[in-house]
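Working notes, structure below.
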Amino acid sequence: MSSSLIRNRLATCTLLIVGLMVPEGLFSQPMPALQSPSNHVIGTDSTKRDTVSEGEKHVVNDVVKRVDSLQLVIVYNADLVRKDLNNKLIWIYILLGGMVVSNVMMYAAFNQIRKQSQDAEDGLKIQLSELQGKTTTIAKNLEPADPAGQKPSRKGPGSRPKPKKRSS
């Protein structure tokens, strides 16, 4: 949580506490006893303690204490969460940076492997074409030169004389 958000919540809780304390201030003033014009106190119960207003004071005080302690706990927990989140975010950024670096390295390695395989393929093509050229020149040199320019006739597989059948 940002510090401005914490301050806003703190201000809201402070207003709530002050709002709860104001009625306490109003009830904490002693009620004057009703007097007659002759300055005699009317009724004997007016000087007794008002247990209802004291009960309200205790309830308001308890609520104020609970709100105050709850606010302290919330602010403390929010601060802990913020610090913990900041630590985790730092680790997340470090790991993401490591992943980016490893991906760049893998891309470079795959690119280099692709270039090497392309160079090896091109080298093999060149060697094969040179070997084919050499074999054709060797084959031409081995062919007998025919002075008449006639080629020997080749007979197909069906041109062989068929054996005659014997009659019995």
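None of the values given here were measured: they were computed from a predicted structure.
Under a 4.5 Å side-chain heavy-atom criterion applied to ILVMFWY residues, the cluster that includes Ile126 comprises that residue alone. Using a 4.5 Å cut-off between side-chain heavy atoms of Ile, Leu, Val, Met, Phe, Trp and Tyr, Leu72 forms no hydrophobic cluster with any other residue. Other residues sharing a hydrophobic cluster with Trp91 under the 4.5 Å side-chain heavy-atom criterion for ILVMFWY residues are Ile90, Ile94.
Atom-to-atom distance recorded for Ser69:OG and Ile74:CD1 is 9.5 Å, nearest 0.5 angstrom. The distance from the OG1 atom of Thr135 to the NZ atom of Lys140 is 10.5 Å, given to the nearest 0.5 Å. The CD1 atom of Ile138 lies 8.5 Å from the CG atom of Leu131; values are rounded to the nearest 0.5 Å.
Under the rule for a salt bridge (charged side-chain N to carboxylate O under 4.0 Å, His left out), Glu130 has no partner lying at least two apart in sequence or in another chain. Residues passing the salt bridge (charged side-chain N to carboxylate O under 4.0 Å, His left out) test with Asp84, sequence neighbours excluded: Lys88.
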All N/O donor-acceptor pairs, side-chain side in residues 108-116, below 3.5 Å, sequence neighbours left out:
residue, atom, partner, partner atom, Å
Asn111, OD1, Arg114, NH2, 2.8

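Considering all non-hydrogen atoms of both residues, Arg82 and Asp79 come closest at NH2-OD1, 2.5 Å.
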